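Here the structure is laid out as structure tokens; the discussion comes afterwards.
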Amino acid sequence: MASETAEVVAGRDFIRDIIDADIAARRTTEVVTRFPPEPNGYLHIGHAKAIWINFGVAQEYGGRCHLRFDDTNPTKEEQEYIDAIKRDIHWLGFDWGRHLYYASDYFDQLYDWAEHLIRSGKAYVDDLPADEMRVMRGSLTEPGCNSPYRDRTVAENLDLFHRMRDGEFPNGARVLRARIDMAAGNMNLRDPVLYRILHAAHPRTGTKWCIYPTYDFAHGQSDAIEGVTHSLCSLEFEDHRPLYDWLIDNLPVPSRPRQYEFARLNLGYTVLSKRVLTQLVRHGHVTGWDDPRMPTLAGLRRRGVPAAAIQDFVRRAGIARANSVVDIAMLDHSIRDVLNKTAPRRMAVLRPLKLRIDNYPSGSGEELVAVNNPEDATAGTRRIRFGRELYIERDDFMEAPPKKFYRLAPGREVRLRYAYFVTCREVVKNAVGEVVELICTYDPATRGGNAADGRKVQATLHWVGAADAISAEIRLYNLLFDRAEPDTGSDLIAELNAMSLVTLTESRVEPALGAATLGEPVQFERQGYFCLDPLSGPNRLIFNRTVGLRDSWTKARATDDQGVEKI
Ligand code: ATP
Ligand code: MG
């Protein structure tokens, strides 16, 4: 298809340039990539970028992408995360087929290769305590110095390494280090740790091991075992690449993978650090990994964000070599773009105010016709019931309206969507002076929402019938953090937006919404896109706001609760 070709051409980037060159020079015949999550948390929208790049590139070149769990630290990893990661990748629209792997599958091989390094004089067992080792590594400006254990004999090293494996020593007593160069400009080459002692049961290998390889020792070798050709990762691994290459060059690995780095996705007002996200969950600042305020894929899904919108967003954010922060409004834009075409329109009143039409006959009212989606003619129409008593949005009325407020006010005429023109005649208040009801009249000659005499009104309001509306709880989500670049170092709680969740329990929605199903987006007219929350039940409707209709967040964040500015 022409449009697809255009997409691909528009999507050129430095990674595709590298692959093109490799293919042209016959260095690569089949493109093999991998996505290597550590199962110590849920995937977030930053991971979606890495997934989209690795799976997307493989797909485009007719190759394959492996899903490999980087499960080298049994103290932090859980089955729950493995299951969630698989679910989220599938939901995003990618599939690893039969190429599901675990770094732990390679523990035997990695162990043999560690011995290989020892035998060739390129690794040694070090007894230095961790803090001394840290000091002796030097700094960016100072070279490190050699450990007193660096010149142990091969036989002594082999013996100690075996005894580490056999569980003779406690955690932290010894490590296996590569023997490279303590004066190297790149700190990662200053005799990096390859194996550490960890007396912990592993979800997959049980108690077979009490020493575990580090990320650096496991990663490149796993790539080589699987025949990965292009190991695409984020920029923080750039400084690890010389070590990646050193290990590949010094081990009898079956293939020669290459690592390339791209810039991580950073988003304004959003934290994409698993450490911080874990903290938010553990300390109860959110209800879980799938809290709709979380930037996790599970959270975004629950908020109603379609997978297609996330794909569109990461594609627009693009692949670059330089770090930058992407405006969160760009994500909202992608979400609206997808939902606008697909979401049926419905009427829901978030903060109801009673409206009585004095001159409308009492009784069961009448049926009117409403359009399901003006963007999609095939979506058809539905019937809605109009009557003498209705609810309108509290924010759509002001007793003393300022200049630019065009909605309902005493003596003013407005249109009720799909129905009639009504004029506000009287304001009823309670004992403390709050407006509790509006008494109006309607013009029967405006049925369907147009006046026979051609007269105009300045506003069209949505409404629901008091007789048949359904009660619902509506959850409005706002940014979880107050500042564009939250400081997550010290006081995380102080950075949180107190208004990140506004729960409305008095909302009324039109009867058609009683049939809403999970995963189906809807647009509440004039309000935004919403979806049913999984906690809904037969007698309890809960809707989550996915996104508002316009870029109202910057100007209306503080007033979101009133919504007065959003005309
Ligand atoms: P940590 O290493 O702190 O646990 P992480 O987010 O890097 O967190 P991993 O499970 O190691 O978690 O990530 C898997 C892959 O996802 C890595 O290869 C990493 O490059 C990529 N990735 C993680 N965060 C982002 C991001 N914000 N943008 C792009 N890619 C990312
Ligand atoms: Mg990582």
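Remember, it's a predicted structure, so these values are computed and weren't measured experimentally. One-based numbering, in listed order, for ligands and for the atoms of each. Sequential numbering from 1 along the given sequence is applied to the chain's residues.
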Worksheet item: Which of these, Arg303, Arg545, Arg302, sits in a salt bridge (charged side-chain N to carboxylate O under 4.0 Å, His left out) with Asp533?
Response: Arg302
Discussion item. Need the ligand 1 atom indices (1-based, order shown) with element for anything under 4.0 Å from a heavy-atom of Ser234.
Written reply: 19 (C), 20 (O)
Worksheet item: Is any side-chain N of the basic residue among Arg241 and Asp245 closer than 4.0 Å to the acidic one's carboxylate O?
Response: no
Practice prompt. Using heavy-atom distances, let me know which of His219, His47, Arg68, Lys76 sits nearest atom 16 (O) of ligand 1.
Written response: His47
Worksheet item: Any nitrogen or oxygen of Lys274, main chain or side chain, under 3.5 Å from a nitrogen or oxygen of ligand 1?
Response: yes
Worksheet item: Which is closest to atom 31 (C) of ligand 1 by heavy-atom distance: Ala317, Gly46, Pro36?
Response: Gly46
Worksheet entry | Distance-only donor-acceptor check, side chains Glu77 and Asn73, under 3.5 Å | no
Discussion item. So, regarding Phe35 and ligand 1 (criterion: nitrogen or oxygen to nitrogen or oxygen, under 3.5 Å), is there a contact or not?
Written reply: no
Discussion item. Using modelled atom types and a 3.5 Å cut-off, is there a donor and acceptor pairing between side-chain atoms of Asn266 and backbone atoms of Ser324?
Written reply: yes
Response to the item:
When rounded to the nearest 0.5 Å, the distance separating NE2 of His285 from CG of Leu492 is 6.0 Å
Discussion item. Distance check, rounded to the nearest 0.5 Å: Ile225 atom CD1 versus Asp105 atom CG?
Written reply: 9.0 Å
Practice prompt. Report the part of Asn266 (side chain from C-beta onward, or backbone N, CA, C, O) that has a heavy atom under 4.0 Å from ligand 1; answer both or neither where that applies.
Written response: neither
Worksheet item: What atoms of ligand 1 come closer than 4.0 angstrom to any heavy atom of Asn40?
Response: 4 (O)
Worksheet entry | ligand 1-proximal atoms of Arg264, by part, heavy-atom distance under 4.0 Å | both
Item to complete: Determine, using heavy atoms of Arg275 and all atoms of ligand 1, whether some pair is separated by less than 4.0 Å.
Response: no
Worksheet item: Would you say the side chains of Asn157 and Tyr149 form a donor-acceptor pair under 3.5 Å?
Response: no
Worksheet entry | Where ligand 1 meets Glu38 - atom numbers and elements under 4.0 angstrom, heavy-atom basis | 4 (O), 9 (P), 10 (O)
